[in-house]
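Order of appearance sets the numbers: ligands from 1, and atoms from 1 within every ligand.
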Amino acid sequence: MLVFYTAGESHGRGVFAFLDGLPAGIRVDRDLIDADLKRRQQGYGRGGRMAVERDRVDVLAGLRGGLTLGSPVLLAVWNADHENWKDLMDPWEIRPGREFTTPRPGHADLAGAARFRHKDLRNVLERSSARETAARVACGALLKSFLSELGVSAHAWVTRIGPVAFEGPFDRQARDASSVFCPDERATREMERVIDEAAQAGDSVGGEFAVVVEGLPAGIGSSTQWDQRLDALLARHLMSIPAVKAVQVGAGVTCGTLPGSLVHDPILPGSPKRRPTNNAGGMEGGMTNGEPVVLRCTMKPIPTLLKGMPTVDIRDGRAVTSAYERSDVCAVPAASVVGEAAAVIAVAQAVCASFAQPSMEALTAAFSEHRKYWEAL
Ligand code: EPS
């Protein structure tokens, strides 16, 4: 089993990722991790915090000479902004008087106050902050090295910002040239305009992104138990990205509007068995079916608004307007990078569950043997 957890507060010393259960001998590409961390920091509509941070991975355990050891891996991404928050984030002593008591509608603040009985909502928001996603991206980028040795890759792009949608094909160069990670120049300009308008109005804006995983043979995941279904695992990882409100697999919600004969993808003769369409999004019965895995996620607008929202002060129940210091206007481009990492982590977990081996050499052999079986079926 590949265990994955993160730790760390938004303005604490850093964010951290813990991975246990990886085989020994994966050659890890540090530049790839730092490139993904940098990509996650970008995107039109980001706020002041990203001007402070220069995210890079620091490997604290589990690697030697660029190779995984088969022991637990511990990754750190240090928070440069911690310097400015030392007093407020001191693990041992906090001076009273700077408590945050006005929960932002849409954020974890109020629900967290109920869950943990915190009176200072900073104790909730520090961990619920999307800063945590830097740790996920570091982890996902490390696992890209693992999956790439098996011939598996993932990519994500933005398909909507507010009312502006892009339904065209993926193009890596065009995506990387876009300020919103949308592989279309015209859509990019319109999306920038929507973000500008939201910023001018003191508001925020959400959107959608697509994630595709390619190169998986059929039969990864399992139909035998709810928690072994790969579509469910992918959805859980993606839904757990802060602000994601919907995850769709393949044709997703459209499947409920069409007859079966238009939804299900015909099986063509030949080896391997291919499909002329991919409404299933590469998933049947909780397992891959040999087609690309296609996922789509919807992100709500950022809840921290310059114009504020009606809320209450939890000290006395008075009606007030929610507070604002700084925030992103739109983080959908960054979320697409996180989505890519989340999908990679889920797929790596499913691969490790199916082909558990202590060494990469043995795991690659087992995986290749399975791929050959599928390709000859
Ligand atoms: C976030 C609020 C902002 C974002 C942050 C998520 O941070 P701050 O409160 O420091 O201005 O910038 O995202 C990140 C720090 C990041 O690395 O993505 C929130 O409340 O969720």
Where does ligand 1 get N/O contacts under 3.5 Å from the protein, atom by atom?
unit_1, atom_1, unit_2, atom_2, d
ligand 1, 10 (O), His11, NE2, 2.7
ligand 1, 10 (O), Arg49, NH1, 2.8
ligand 1, 10 (O), Arg326, NH2, 2.8
ligand 1, 11 (O), Arg326, NE, 2.6
ligand 1, 17 (O), Arg40, NH2, 2.6
ligand 1, 17 (O), Arg131, NH1, 2.9
ligand 1, 18 (O), Arg40, NH1, 2.8
ligand 1, 18 (O), Arg40, NH2, 3.3
ligand 1, 18 (O), Arg46, NH2, 3.2
ligand 1, 20 (O), His107, NE2, 3.1
ligand 1, 21 (O), Ala130, N, 3.0

### Query
What about the rings of Phe355 and Phe367, do their centers lie closer together than 6.0 Å?
yes
### Query
For Arg275, does the CZ atom sit with more than 12 other heavy atoms under 6.0 Å from it, leaving out its own atoms?
yes
#### Entry: Passing option when His11 is tested against His82, Glu126, Arg131 for side-chain hydrogen bond (donor to acceptor under 3.5 Å, both in side chains)
Glu126
### Query
Phe181 and Trp157: aromatic ring centres closer than 6.0 Å?
no
Review item, side-chain donor-acceptor pairs of residues 335-346, under 3.5 Å, at least two apart:
unit_1, atom_1, unit_2, atom_2, d
Ser336, OG, Pro333, O, 2.6
Glu340, OE1, Arg39, NH2, 3.3
Glu340, OE1, Ala156, N, 2.9
Glu340, OE2, Arg39, NH2, 2.5
Glu340, OE2, Lys144, NZ, 2.4

### Message
What I want to find out is whether Arg274 reaches Glu291 closely enough, with some N-O distance under 4.0 Å, to be called a salt bridge.
### Response
yes
